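Worksheet: one structure, shown below.
Order of the sequence lines fixes the chain letters, A, B, ..., with proteins taken first and strands second; residue numbering starts at 1 for each chain. Remember, predicted model here, so these are calculated numbers, not experimental data. Worth knowing before you read on, the calculation uses all heavy atoms, side chains too, and leaves out hydrogens, waters and symmetry mates.
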Amino acid sequence: MTVAVVLFTSDLRLHDHPPLRAALDNHDAVVPLFVRDERIDAAGFAAPNRLAFLADCLADLDSGLRERGGRLVLRSGDVVARVREVAREVDADEVHVAADVSRYAHHREDRLRGALREDGRRLRVHEAVVTALPPGAVTPAGSDHFAVFTPYHRRWDQERLRDPLPAPRTVRVPDDVASEDLPRREKVADVSEGLAQGGEQAARRSLATWLRSGVHQYDERHDDLPGDATSRLSPHLHFGTLSPTEIVHRARAVSGSGAEAFVRQVCWREFHHQVLAARPAAAHDDYRAKHDRWRSGGDAEDDFAAWRDGLTGYPIVDAAMRQLAHEGWMHNRGRLLAGSFLTKTLYLDWRWGARHFLRMLVDGDVANNQMNWQWMAGTGTDTRPNRVLNPVRQALRYDPDGVYVRRWVPELADLEGAAVHEPWKLTGLERAQYDYPDPVVSLSEGLDRFKQARGVD
DNA sequence: TTAATATTCCT
DNA sequence: GGAATATTA
């Protein structure tokens, strides 16, 4: 009997899963394996929201496998040691895994390949699992990656994607492979109250609902903060409970400008993945150095704490930060506002913001999170690196009646309409009624400091 | 063919 | 301002 190990990472699904398909096609049995990777835990990626969502995903993956006659095997510790151990136990000749773009993923792949080779086993790495189009599949003349979105999108849009694979009917797993108990969501402490449910079943229901109704209005409503009319599929893309290939195929089958705009956003994710794949250091270093001397010291740390805790005195920014704390998720427009405020208005290092987002966001992945932070900081691929979003103007545009702010900043719930966006305009007496902080910095001071630091104007 | 230059465009 | 591509020599 031949056996293969399928190592699940950011691809916790049974539909459209090329590594599982290949393993099943060429072997009598497979071991679907997930490793609770101690290095990922130690790096702070196993923050409560993510761990709770992961627990949902693993439970659902296990039940999907059980419906098909199999089960999920969980081990924890060093991923290479655990894979090697399982491969030896079942004498697997191959281990299948999805390719990924982070430096950590590349390193993991190299270590796995080396360790398995020593035992006479083979690592098979599958492209187009984490992204629809493999990074590097399209490149501009003279470079290994695209640095501007629109030309990338043009090329990406013309590429033919492979057809999505159906979920396997049966998965045969050897009986004698031990598994640790799966983590349980209820056991995770400090989880955000409004955290979404994980797992492939929940993901597929969300996608079906989205494509049936929400997507049609996506182009008009994606920036509507209180309307909350985005797909909310990002956590499922992050954990791979949905396949980007399948999402794109199914969204393209829905005609209209909404579906088109939605696919374009999926392409942004692919864009960031191909940048990071080509420049893994961009996860921590400036993609384009702007020679910033970000603020540091006590004042900077106080300002950061105010931002993190949703107490900057700018209601729209605070609302966004509190949504993050409460849901482990934030509206994309909120992310732009919060990011611009931290890096441009407070002039604090984008890495501080990126680290906090990665801890809190259930959808936070290295490529999207780090590259979007760099975008907002102006050190990334933005062709207008010194743009500063004015939180008041943005608030008036994307939350014109103040509904979003009142939802998340209850101290200001009595302020009607757009007045909620500028509480500092109240008279002293009125202001005293509201237990809400003064602005940490005036917008003009923040702008001056940023311009001076960047040497613009 | 290739390199230099012009043009277009940037969520 | 600079990335990507189109045009030209």
Side-chain angles (χ1 to χ4, degrees), chain A residues 131-133 135-159 214-225 227 229-231 233-234 237 244 247-248 251-252 256-279 282 286-292 320 330-341 343-344 350 363 367-391 393-399 450-451 453-457:
Chain A
T131 56
L133 194 66
V138 293
T139 53
S143 175
D144 57 351
H145 70 289
F146 280 88
V148 176
F149 174 71
T150 305
Y152 177 73
H153 179 245
R154 248 194 307 271
R155 289 284 299 280
W156 180 90
D157 206 42
Q158 288 168 0
E159 288 296 303
V215 76
H216 304 290
Q217 298 188 70
Y218 182 75
D219 52 340
E220 302 110 59
R221 296 193 59 204
H222 67 103
D223 269 330
D224 176 357
L225 271 166
T230 63
S231 76
L233 295 176
S234 53
L237 277 164
I247 290 179
V248 172
R252 279 179 176 160
S257 55
E260 213 170 282
F262 172 65
V263 170
R264 193 179 161 86
Q265 291 305 309
V266 177
C267 182
W268 268 100
R269 177 177 178 275
E270 308 249 322
F271 172 70
H272 288 140
H273 277 75
Q274 61 95 44
V275 173
L276 193 68
R279 299 284 166 81
D286 289 347
Y287 177 75
R288 287 191 232 283
K290 289 283 181 283
H291 311 291
D292 288 295
M330 194 195 288
H331 193 287
N332 184 56
R333 179 51 52 178
R335 298 184 196 203
L336 294 170
L337 283 167
S340 170
F341 191 84
T343 57
K344 306 264 173 74
W350 62 267
D363 63 25
N368 266 340
N369 190 63
Q370 310 306 93
M371 295 319 295
N372 271 319
W373 268 98
Q374 293 226 44
W375 172 279
M376 294 181 289
T379 60
T381 55
D382 190 353
T383 53
R384 289 171 53 199
N386 295 324
R387 78 174 103 197
V388 179
L389 301 184
N390 180 317
R393 294 177 64 179
Q394 292 272 313
L396 294 172
R397 188 179 309 165
Y398 301 115
D399 184 28
F450 175 72
K451 282 183 170 174
R454 280 278 169 93
V456 291
D457 271 11

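A tilted orientation is assigned to the rings of A:F149 and A:Y152, their planes being inclined by 30° to 60°.
As rounded to whole Å, 13 Å separates atom P of B:dT11 from atom CG of A:L336. In this structure, NE2 of A:H153 is placed 21 Å from P of C:dA3, rounded to the nearest angstrom. Protein atom CZ of A:F149 is 11 Å distant from nucleotide atom P of B:dC10, rounded to whole Å. Between A:Y152 atom OH and B:dC10 atom P the separation is 18 Å, expressed in whole Å. Across the protein-nucleic acid pair, A:E260 atom CD and B:dT11 atom P stand 16 Å apart, rounded to whole Å. Following rounding to the nearest Å, A:R264 (CZ) and B:dT11 (P) show an atom-to-atom distance of 7 Å. Distance CG (A:L337) to P (B:dT11): 19 Å, rounded to an integer number of Å. The distance between atom CZ of A:F271 and atom P of B:dC10, rounded to the nearest whole Å, is 13 Å.
For C:dA3, the OP1/OP2 oxygens have a side-chain nitrogen or oxygen of A:R288 closer than 4.0 Å. For C:dA3, the OP1/OP2 oxygens have no side-chain nitrogen or oxygen of A:T383 closer than 4.0 Å.
Picking from B:dC10, C:dT5, C:dA4 the nucleotide with the shortest atom distance to the side chain of A:T150 gives B:dC10.
With centroids closer than 5.5 Å and planes inclined by less than 30 degrees as the test, A:W268 and the base of B:dT11 pass as a stacked pair.
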_Audit row: A:V138, A:L133, side chain to side chain contact (heavy atoms under 4.5 Å, CB included) steps and yes/no_ = CA-CA 9 Å; A:V138 293; A:L133 194 66; 3.9 Å; yes
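In summary, the side chains of A:W350 and A:D286 do present a donor paired with an acceptor at a separation below 3.5 Å, with no hydrogens or angles considered.
Residues A:D363 and A:R269 are not paired through a salt bridge, judged by the lack of any N-O separation under 4.0 Å between the basic side chain and the carboxylate.
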